[in-house]
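Right, one structure below, let's go through it.
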Amino acid sequence: MADLGDAKAVLHHYLRATREDLIWKLDGLSERDARMPRTATGNNLLGVLKHCLNVEAGYFGPTFGRDFPTPEELVPLLAYDEDPQADWYAREDETKNGLIDLYRRVGVFADQTIEQLPLDAPGRVSWWRPGGQDVTLQKIIVHVTSDLARHAGHADIMREQHDTALGLRRENTNIPDDYDWPAYVTKLTKLADRFG
């Protein structure tokens, strides 16, 4: 755990942890299962990962005057004009392992930005509305961590629906062992039905 007296270290710790949580939700999945739409709007585990790596590359790159070394691997801003969902699915030429590797490299890139700049370092988010584009590193770390955490929650639910793999982290699920989940669901269903 990060030194609780160092605000930047704490923020960075939670960003890194959330990034790793997203990656581990793909463990053991085939290409098909990683890509399979799990919601009515097409959400899929690999798409969530691809979206999040593009989020980090954008916010910790151009926002602070840095360019990712291989920008051709990222979804360019112009692609969203043609397909607003361009970063929410893996194309045929992209693989699960390739996108995980890309995310790890984006993570190193994002970490370098965080390590090199103070929390009050100014940045500019060009794709935000005028009047709100000026930011600090602190604001961006919080913004990106919040966004990633939301998507990690999506990934948690999609993975649980797929094969009941669940939990907070690979090494600590934070879920009771040997719990009678069918009985628990029955209990909650009966409780909900009382309000029907």
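Between Glu73 and Phe68 there is a side-chain heavy-atom pair separated by less than 4.5 Å. Using a 4.5 Å cut-off on side-chain heavy atoms (C-beta onward), Thr113 and Tyr59 make no contact. Side-chain contact between Asp111 and Phe60 is absent, with no heavy atoms from C-beta onward closer than 4.5 Å. No side-chain heavy atom of Thr145 sits under 4.5 Å from any side-chain heavy atom of Leu11. Within the 4.5 Å cutoff, side-chain heavy atoms of His51 are placed close to those of Val55. Within the 4.5 Å cutoff, no side-chain heavy atoms of Thr136 are placed close to those of Leu119.
With rounding to the nearest 0.5 angstrom, the CG atom of Leu148 is 15.5 Å from the OH atom of Tyr14. Of the inter-residue distances, the one linking Asp87 atom CG with Leu77 atom CG reads 10.0 Å to the nearest 0.5 angstrom. Rounding to the nearest 0.5 Å gives a distance of 11.5 Å between CZ of Arg35 and CG of Asp33. Note that CG of Asn97 is 8.5 Å distant from CG of Asp101, once rounded to the nearest 0.5 Å. Atom CD of Glu31 is separated from atom CD of Glu94 by 10.5 Å, given to the nearest 0.5 angstrom. How far NZ of Lys8 is from CG of Leu137: 6.5 Å, rounded to the nearest 0.5 Å.
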With salt bridge (Lys or Arg N to Asp or Glu O under 4.0 Å) as the criterion, how do Glu160 and Lys25 come out once you've worked through the C-alpha distance, each side chain's angles and the decisive distance to 0.1 Å? CA-CA 9 Å; Glu160 182 179 352; Lys25 289 299 176 178; over 6 Å; no
Apply side-chain contact (heavy atoms from CB on, under 4.5 Å) to Arg159 and Leu29, showing your working. CA-CA 9 Å; Arg159 183 64 192 256; Leu29 292 181; 3.5 Å; yes
Walk me through it: do Ile140 and Val125 pass the test side-chain contact (heavy atoms from CB on, under 4.5 Å)? CA-CA 9 Å; Ile140 291 304; Val125 183; 3.9 Å; yes
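A salt bridge links Arg16 to Glu115: at least one charged side-chain nitrogen sits closer than 4.0 Å to a carboxylate oxygen. Arg105 and Glu56 are not joined by a salt bridge, as no carboxylate oxygen comes within less than 4.0 angstrom of a charged side-chain nitrogen. Ionic pairing of Asp93 and Arg91 is present here: one or more N-O contacts between side-chain nitrogen and carboxylate oxygen are shorter than 4.0 angstrom.
Counting non-hydrogen atoms of other residues, nucleotides and ligands closer than 6.0 Å to CD of Glu92 gives a total of 12 or fewer.
Here the shortest heavy-atom pairing between Ala57 and Pro62 reads O-CD, 3.5 Å. Here the closest heavy-atom approach between residue Phe109 and residue Pro69 is recorded as CD1-CD, 4.1 Å. In plain terms, the two heavy atoms of Leu22 and Cys52 that are nearest each other are CD1-SG, 3.7 Å. Here the closest non-hydrogen pair linking Ala34 and Leu26 is CB-CD2, 3.8 Å. Trp88 and Asn44 make their closest contact through O-ND2, 3.3 Å (heavy atoms, listed as atom of the first residue, atom of the second, distance).
Under 3.5 Å, the side chains of Asp83 and Tyr89 contain a donor-acceptor pair of N or O atoms. Side-chain contact of His143 with Asp147: a donor-acceptor pair under 3.5 Å is absent, judged by distance alone. No side-chain N or O of Arg124 forms a donor-acceptor pair with one of Thr63 less than 3.5 Å apart. Trp127 and Tyr80 share no side-chain donor-acceptor pair at under 3.5 Å.
Partner Leu45 forms a side-chain contact (heavy atoms from CB on, under 4.5 Å) with one of Lys96, Lys50, Met36, Met158 and no other, that one being Met158.
Proximity of a side-chain donor or acceptor of Gln138 to a complementary backbone N or O of Asp120 within less than 3.5 Å is not detected. Of the possible donor and acceptor atoms, one in the side chain of Thr39 sits under 3.5 Å from a partner among the backbone N and O of Thr41.
By the criterion of side-chain heavy atoms lying less than 4.5 angstrom apart, applied directly or through intervening Ile, Leu, Val, Met, Phe, Trp or Tyr residues, Val185 is not grouped with Ile157; the two fall into different hydrophobic clusters.
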